[in-house]
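Here is the naming used below: chain letters follow the sequence lines, and residue numbers restart at 1 for every chain.
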There are 2 protein chains.
Amino acid sequence: MSAAFYQDEVKFYVAVDCIILGFNNKELNVLLYKRSFEPMKGQWSLMGGFVKSGESVDEAASRVLTDCTGIEHLFMEQIGAYGDVSRDLGERVISVAYYSLVNMNDFSPEILESHNATWTKISELPDLIFDHNQMINDTLSVLKKKAASRPIGFNLLPEQFTLPQLQTLYEAIYQTLLDKRNFRKKLNAMDILEKLDIKDKKSSKRGAFLYKFNEKKYNKWVEQGFDFSL
Amino acid sequence: MSAAFYQDEVKFYVAVDCIILGFNNKELNVLLYKRSFEPMKGQWSLMGGFVKSGESVDEAASRVLTDCTGIEHLFMEQIGAYGDVSRDLGERVISVAYYSLVNMNDFSPEILESHNATWTKISELPDLIFDHNQMINDTLSVLKKKAASRPIGFNLLPEQFTLPQLQTLYEAIYQTLLDKRNFRKKLNAMDILEKLDIKDKKSSKRGAFLYKFNEKKYNKWVEQGFDFSL
DNA sequence: CCAAAAGTGTTCATAGTACACCCATGT
DNA sequence: ACATGGGTGTACTATGAACACTTTTGG
């Protein structure tokens with residue numbers, strides 16, 4: 001009976017594509033994989049999959065993310081729908097893109113290998129299949145805007161991080177150099193970080209203090225309207 | 001042959017829903033219509049339609065917009081995809097929402113009537129079918145952000161408009177009162193308006209000067225990064 | 001003549017920006 | 001001892017925010 005309502009209409013394959021961003025060595029990276037099936041087998045592509053019959057589009061994206069990272073409940077937001085007629089060369093497929101921000105340290109080489117996946121620097125992106133380059137560009141511009149109004153960037157860092165790390169992250173997002181003192185002044189005013197008594201010596205002899213979030217203060221900022229435009 | 005690639009996957013109905021916003025009498029309005037078919041016949045709903053086989057999703061939205069306004073090439077941007085399993089009570093339908101900003105004066109009562117459509121104040125929205133209230137809320141928050149970074153608000157006004165009109169428009173978008181002198185000071189600094197020698201006396205005895213865009217200056221602002229956060 | 005909306009500048013507080021030197025430590 | 005990256009404060013500038021009175025004219 002319910003099928004009768006819309007029966008004259010056409011149906012489409014609907015897919016999700018995930019832009020999984022990580023941060024390492026002063027650069028944003030995206031997780032790409034070598035497509036193992038036709039069409040475009042062997043070409044670089046984003047992680048994706050088709051929406052199944054019993055799941056929502058969000059659930060499909062979440063499933064794909066968990067599949068290829070092994071991690072559940074990752075931070076994830078929708079970018080939008082891509083619906084050009086010939087965007088997929090195999091068949092008409094409408095795709096909804098999602099981006100996720102992850103900590104690259106959480107990825108074992110094994111997980112990556114088992115999916116034919118590799119981290120690729122944003123600055124060295126190859127040509128991807130279909131409209132996947134477009135999806136990444138759209139994500140990067142969304143990220144720039146979002147990062148200024150919500151402290152989402154922290155999803156890209158490990159739980160404990162140094163201020164120089166945080167600064168280079170924002171430099172990578174905004175594609176600009178920031179003044180060290182002004183950056184710290186602003187962070188200090190926000191008062192959302194908790195300084196730990198441990199130093200990280202991976203990147204310098206002197207070592208840099210580690211920080212982590214103060215969840216409560218952080219949530220207060222999010223509610224009251226965040227401004228992180230540096 | 002191409003069909004073979006994805007043949008194990010499920011297909012879905014894909015629809016577009018259009019949030020058509022107008023501005024009048026100090027308030028934002030949205031175009032709603034009374035649904036003329038099942039399911040939910042007789043309920044209030046956004047303008048929408050199914051994506052047809054030969055058209056892109058954007059084209060479908062554009063078609064729906066032209067259908068119910070009689071105007072071509074309206075300003076239009078995608079809000080996102082809505083893919084919950086049971087969002088449409090008739091059948092599984094994935095919908096992509098678009099918003100458009102229009103000049104309410106361009107709508108003859110006849111066009112509206114012929115679609116069972118009426119303008120409804122945002123502040124007096126009824127319960128709409130499915131997730132359409134959600135779509136409108138999402139649109140309004142996108143609009144708030146976009147209007148601050150691009151001068152899109154002008155799409156809601158006639159070609160010639162007064163400064164008090166423009167101010168109440170931004171007050172409606174931001175849901176706040178603005179200081180007249182600061183508002184004008186900022187606009188003046190931007191230098192994107194052209195003052196005409198005509199006065200509009202519809203809303204006061206004294207009359208207010210009409211302005212229109214200076215397209216060139218306007219485009220310059222858009223390129224160089226716009227800031228209209230009032 | 002008066003009600004109702006249009007128009008017009010200045011002052012103050014806040015936030016952003018520019019800028020240079022000392023510190024700690026592993027090699 | 002020195003090279004490398006970590007850490008700190010101040011002065012200037014620009015931007016946003018608050019604020020009140022005069023002008024015009026239709027009724």
Side-chain angles (χ1 to χ4, degrees), chain A residues 24-27 144 147-149 151 157 160-172 174-212 221 224-230, chain B residues 24-27 144 147-149 157 160-212 221 224-230:
Chain A
N24 195 24
N25 198 27
K26 310 203 175 192
E27 277 224 65
K144 270 185 214 177
S149 64
L157 294 175
Q160 301 185 0
F161 49 86
T162 68
L163 294 185
Q165 261 183 298
L166 186 60
Q167 181 175 344
T168 53
L169 166 60
Y170 274 86
E171 287 175 338
Y174 294 141
Q175 289 290 295
T176 182
L177 291 176
L178 301 172
D179 181 280
K180 194 168 33 164
R181 285 175 286 189
N182 293 340
F183 181 83
R184 285 159 186 253
K185 198 199 307 176
K186 180 135 192 174
L187 272 168
N188 233 307
M190 287 198 233
D191 187 34
I192 54 175
L193 297 184
E194 197 174 321
K195 189 176 186 172
L196 304 177
D197 279 333
I198 326 157
K199 279 194 170 187
D200 176 286
K201 297 209 166 184
K202 282 191 209 62
S203 64
S204 80
K205 294 155 189 169
R206 180 179 178 179
F209 279 105
L210 285 165
Y211 288 76
K212 67 174 186 183
W221 265 97
Q224 291 173 10
F226 189 81
D227 183 14
F228 208 113
S229 34
L230 294 160
Chain B
N24 196 23
N25 197 26
K26 310 204 174 191
E27 278 223 65
K144 270 185 216 181
S149 67
L157 294 174
Q160 301 185 359
F161 49 86
T162 67
L163 294 184
Q165 262 183 298
L166 187 59
Q167 181 174 345
T168 54
L169 166 61
Y170 274 87
E171 287 176 337
I173 292 176
Y174 294 143
Q175 288 290 293
T176 183
L177 291 177
L178 300 172
D179 181 280
K180 196 168 33 165
R181 283 173 288 189
N182 293 339
F183 181 83
R184 283 158 186 254
K185 200 197 306 171
K186 181 134 193 175
L187 273 167
N188 230 309
M190 287 199 233
D191 188 34
I192 53 175
L193 298 184
E194 196 175 319
K195 188 176 185 173
L196 305 178
D197 279 332
I198 327 157
K199 279 194 170 184
D200 175 285
K201 297 211 168 185
K202 282 192 209 55
S203 65
S204 80
K205 294 155 187 171
R206 181 178 177 178
F209 279 106
L210 284 164
Y211 288 76
K212 67 174 187 181
W221 266 98
Q224 291 172 10
F226 190 81
D227 181 12
F228 208 114
S229 36
L230 294 161

If every non-hydrogen atom of B/F183 is compared with every non-hydrogen atom of B/L163, which pair is closest and at what distance?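 Heavy atoms only, the tightest pair is CE2-O, 4.1 Å.
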How is A/T162 classified with respect to the nucleic acid when contacts are heavy atoms under 4.0 Å: base, sugar-phosphate, or nothing?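 The residue A/T162 makes no contact with any strand.
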Can you figure out which of D/dG6, C/dA6, D/dG9 approaches the side chain of A/R181 most closely?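 Taking heavy atoms from C-beta onward, the closest nucleotide is D/dG9.
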B/N182, nearest nucleotide to its side chain (from C/dT25, D/dG26, D/dA17):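 Selected nucleotide (nearest to the side chain): D/dA17.
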[X] vs [N]: side-chain N/O to OP1/OP2 distance below 4.0 Å:
| X | N | result |
| --- | --- | --- |
| A/K180 | D/dT8 | no |
| A/K201 | C/dG26 | yes |
| B/K205 | C/dA3 | no |
| A/R184 | D/dG7 | yes |

Nearest 0.5 angstrom please: [X] [atom1] to [Y] [atom2], how far?
| X | Y | atom1 | atom2 | value |
| --- | --- | --- | --- | --- |
| A/L169 | A/Y174 | CG | OH | 9.5 Å |
| A/S204 | A/K199 | OG | NZ | 7.5 Å |
| B/I198 | B/T162 | CD1 | OG1 | 12.5 Å |

Rounded to whole Å, please give me the gap between [atom1] in [X] and [atom2] in [N].
| X | N | atom1 | atom2 | answer |
| --- | --- | --- | --- | --- |
| A/L187 | C/dA15 | CG | C1' | 15 Å |
| A/D200 | D/dG5 | CG | C1' | 12 Å |
| A/L163 | C/dC23 | CG | P | 20 Å |
| B/K199 | C/dA4 | NZ | C1' | 14 Å |
| A/L178 | C/dC19 | CG | C1' | 16 Å |
| A/K202 | C/dT25 | NZ | P | 17 Å |
| A/F183 | D/dG9 | CZ | P | 18 Å |
| B/L177 | D/dA18 | CG | P | 12 Å |

Base of D/dT10, side chain of A/K185 - is there a donor-acceptor contact under 3.5 Å?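 Answer yes: a donor N or O sits under 3.5 Å from an acceptor.
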Does any N or O donor sit under 3.5 Å from an N or O acceptor when you compare the side chain of A/R206 with the base of C/dA24?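 Per atom types, no contact qualifies.
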Residue among A/N182, A/N188, A/L187 satisfying side chain to side chain contact (heavy atoms under 4.5 Å, CB included) with A/K185: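 Considering A/N182, A/N188, A/L187, a side chain to side chain contact (heavy atoms under 4.5 Å, CB included) with A/K185 is found only for A/N182.
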